[in-house]
Amino acid sequence: MSRVLIVGAGLTGSLCACLLRRKLPNKVNIVVWDKSRGAGGRMSTSRSPNDPSCTVDLGAQYISATPYYARIHSSFYEELLAQDILKPLVAPVEGMMLKEEEIVNYVTPHGVSSIIKHYLKESGAEVLYDRHVTHIHRKSTTWEVCCKGGMPERFDIVVLTMPVPQILQLQGDVESLIGENQRRMLEAVSYSSRYALGLFYKADTRIDVPWAAKYVSNNPCVRFIAIDDKKRNLASKTCGPSVVVHTSVPFGIQHLEEEKDAVQPIILEELEKLMPDLPQPDSIKCQKWRYSQVTRSVADCPGQMILHSQPLLVCGGDGFTHSNFDGCIESALKVFEVLKSSL
């Protein structure tokens, strides 16, 4: 029984764990570590500190399936639809640009992190949070993995699914294992950056706008606003509404190195210009996405990169494909093929 560590409880990592359990159930002991306090990565759902039933998606807002991916990833879509984890997006979104005809958009009634939680549950993995991996050392036929404030642990296989710059920051033997050409390819990966605000409201608060979400084109700060419960087509008398605000990428880059507490009032001021009648929220959460979406992925890469074969150390994630639901599925499938051939 091989002990496999997956670093990152986002979509690629959680699906990879699920595929291992379903297809190689008697060959692996699966452990998932994430440096955050919960699952999701950039598909995270936050709860109001005053009412856990009031939630907001601070990362991915909805999932767009092109005809091509709807066909080749049909089993994944069908499973999530059958479980009521995905539902068609029927609420009005102003300013949405349809890049391709016949694209189908989906929302997650229980928040976008429900996808990740589903795959983690299916995987039966031991999932541990607040595990920020810092060093990976080769110890004969195993890896010794160290995290901040924790004891080192040994694994037969390690899968890295965090953003590429975080892979390059790892210390220990990883630095010397990455070949010169591989390092050049990884260093060329780039990401957009942005801030997100989640505004939580008390029950019976009314937000009267004709849309569920809208793209903003004429503001230097705000790029996207969603009434999250309306976007998910939920109505509740016992739970208040929530609003998510995404900033533009230029604004995110401009304020990237500032503290969230300093940036939050700027976003709120711009939001008030766009929505002067918006009620005062009960609470607010500000999220800085340093690695929001991949703008340039690893060139000519098959969804994964093997850093070492024996013992296996492999990387995956949207940095090796493209930044959306199907890109992460593609990477998870490619990583799984590598794992299957080594087990």
Side-chain angles (χ1 to χ4, degrees), residues 42-46 55-70 86-109 111-112 115 191-201 205-235 241-255 263-264 266-279 281 284-289 291-295 318 322-327:
R42 284 162 285 164
M43 295 181 79
S44 71
T45 303
S46 288
T55 64
V56 72
D57 289 329
L58 289 178
Q61 293 297 302
Y62 53 87
I63 288 165
S64 299
T66 63
Y68 171 74
Y69 281 116
L86 286 187
K87 296 266 190 183
L89 170 62
V90 294
V93 179
E94 277 191 15
M96 182 190 286
M97 291 180 66
L98 291 177
K99 295 176 183 174
E100 187 176 339
E101 285 184 22
E102 296 177 40
I103 285 179
V104 180
N105 295 305
Y106 297 102
V107 287
T108 46
V112 74
I115 298 172
Y191 292 77
S192 61
S193 302
R194 69 178 78 239
Y195 282 84
L197 276 192
L199 283 65
F200 303 98
Y201 293 87
T205 303
R206 289 181 60 82
I207 300 174
D208 291 317
V209 289
W211 40 266
K214 73 179 292 185
Y215 287 89
V216 179
S217 58
N218 56 352
N219 186 278
C221 167
V222 177
R223 178 68 183 108
F224 179 84
I225 308 168
I227 318 300
D228 224 28
D229 48 310
K230 194 174 176 182
K231 180 194 74 186
R232 299 185 211 162
N233 207 29
L234 297 176
S242 60
V243 173
V244 63
V245 182
H246 278 185
T247 69
S248 67
V249 170
F251 178 90
I253 293 167
Q254 182 186 347
H255 298 276
V263 179
Q264 180 175 308
I266 303 170
I267 303 170
L268 287 171
E269 188 180 332
E270 292 299 330
L271 179 62
E272 190 176 359
K273 292 176 187 175
L274 294 165
M275 300 181 72
D277 298 324
L278 192 64
I284 301 173
K285 175 164 185 188
C286 184
Q287 172 76 45
K288 181 193 291 189
W289 294 115
Y291 306 115
S292 175
Q293 288 180 297
V294 175
T295 51
D318 59 353
H322 43 96
S323 253
N324 57 24
F325 180 72
D326 290 292

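Because the structure is predicted, anything quoted here is derived from the model rather than measured. All values below come from the heavy atoms of this structure, side chains included, with hydrogens, waters and symmetry mates left out. All residue numbers in this chain count up from 1 along the given sequence.
Note on ring orientation: taking the six-membered ring where Trp is involved, the planes of Phe224 and His246 are tilted (angle from 30° to 60°). Note: Tyr62 and Tyr215 have perpendicular aromatic rings, judged against thresholds of 30 and 60 degrees for the angle between ring planes.
The shortest non-hydrogen separation linking Pro210 to Pro92 is O-CG, 3.8 Å. Here the closest non-hydrogen pair linking Asp326 and Ala65 is OD2-CA, 4.4 Å. The minimum heavy-atom distance between Gln61 and Ala226, with the atom names listed, is OE1-CB, 3.8 Å. The two atoms that bring Ile225 and Leu274 nearest to each other are CD1-CD1, 4.3 Å, heavy atoms only.
For the pair Arg42 (side chain) and Ser292 (backbone), a donor-acceptor distance under 3.5 Å is present. With hydrogens and angles ignored, the 3.5 Å screen pairs no side-chain donor or acceptor of Asn105 with any backbone N or O of Leu89. With Arg223 contributing its side chain and Val216 its backbone, the two residues share a donor-acceptor pair below 3.5 Å. A donor-acceptor pair is defined here as one N or O able to donate and one able to accept, closer than 3.5 Å; no such pair exists between the side chain of Asn233 and the backbone of Ala91. Here the side chain of Tyr201 pairs a donor or acceptor atom with the backbone of Pro279 at under 3.5 angstrom. Panel note: side chain Thr45, backbone Val112; a donor-acceptor pair is recorded below 3.5 Å.
With contacts defined as side-chain heavy-atom distances shorter than 4.5 Å, the pair Ser46/Gln287 does not qualify. The shortest side-chain heavy-atom distance between Leu199 and Leu278 falls under the 4.5 Å cut-off. You'll find the side chain of Thr55 stays beyond 4.5 Å of the side chain of Ser242, heavy atoms only. Between Phe251 and Ile266 there is a side-chain heavy-atom pair separated by less than 4.5 Å. Within the 4.5 Å cutoff, side-chain heavy atoms of Ile63 are placed close to those of Ile115. Side chains of Val209 and Lys214 form no contact here, defined as non-hydrogen atoms less than 4.5 Å apart. Side-chain contact check for Ile227 versus Asp229: some heavy-atom pair is nearer than 4.5 Å. Two residues are said to be in side-chain contact when any heavy atoms from C-beta on lie closer than 4.5 Å; Pro241 and Lys230 fail this criterion.
Ile207 CD1 to Met275 CE: the interatomic distance, rounded to the nearest 0.5 Å, is 6.5 Å. To the nearest 0.5 angstrom, Ser193 atom OG is 12.5 Å from His255 atom NE2. We find the CZ-CG distance between Phe200 and Asp228 to be 9.0 Å, quoted to the nearest 0.5 Å. Atom CG of residue Leu58 and atom CE of residue Met43 lie 13.5 Å apart, to the nearest 0.5 angstrom. Atom SG of Cys221 sits about 9.0 Å away from atom NZ of Lys273, to the nearest 0.5 Å. Between Tyr106 atom OH and Ser64 atom OG the span is 10.0 Å, to the nearest 0.5 Å.
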- Worked verdict on Lys231 versus Asp57 for side chain to side chain contact (heavy atoms under 4.5 Å, CB included): CA-CA 10 Å; Lys231 180 194 74 186; Asp57 289 329; 3.8 Å; yes

- Trace of the side chain to side chain contact (heavy atoms under 4.5 Å, CB included) decision for Leu268 with Ile284: CA-CA 10 Å; Leu268 287 171; Ile284 301 173; 3.8 Å; yes

- Item | Candidate pair Thr108 and Leu86, rule side chain to side chain contact (heavy atoms under 4.5 Å, CB included), full reasoning | CA-CA 5 Å; Thr108 46; Leu86 286 187; 3.7 Å; yes

- With side chain to side chain contact (heavy atoms under 4.5 Å, CB included) as the test, would you mind laying out the steps for Trp289 and Ser44 before giving the verdict? CA-CA 11 Å; Trp289 294 115; Ser44 71; 3.7 Å; yes

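More than 12 heavy atoms of other residues, nucleotides or ligands shown are found within 6.0 angstrom of CD on Glu94.
For the ring pair (Phe, Tyr, Trp, His ring centres under 6.0 Å) test, residues two or more places apart in sequence or in another chain that qualify with Phe325 are Tyr77.
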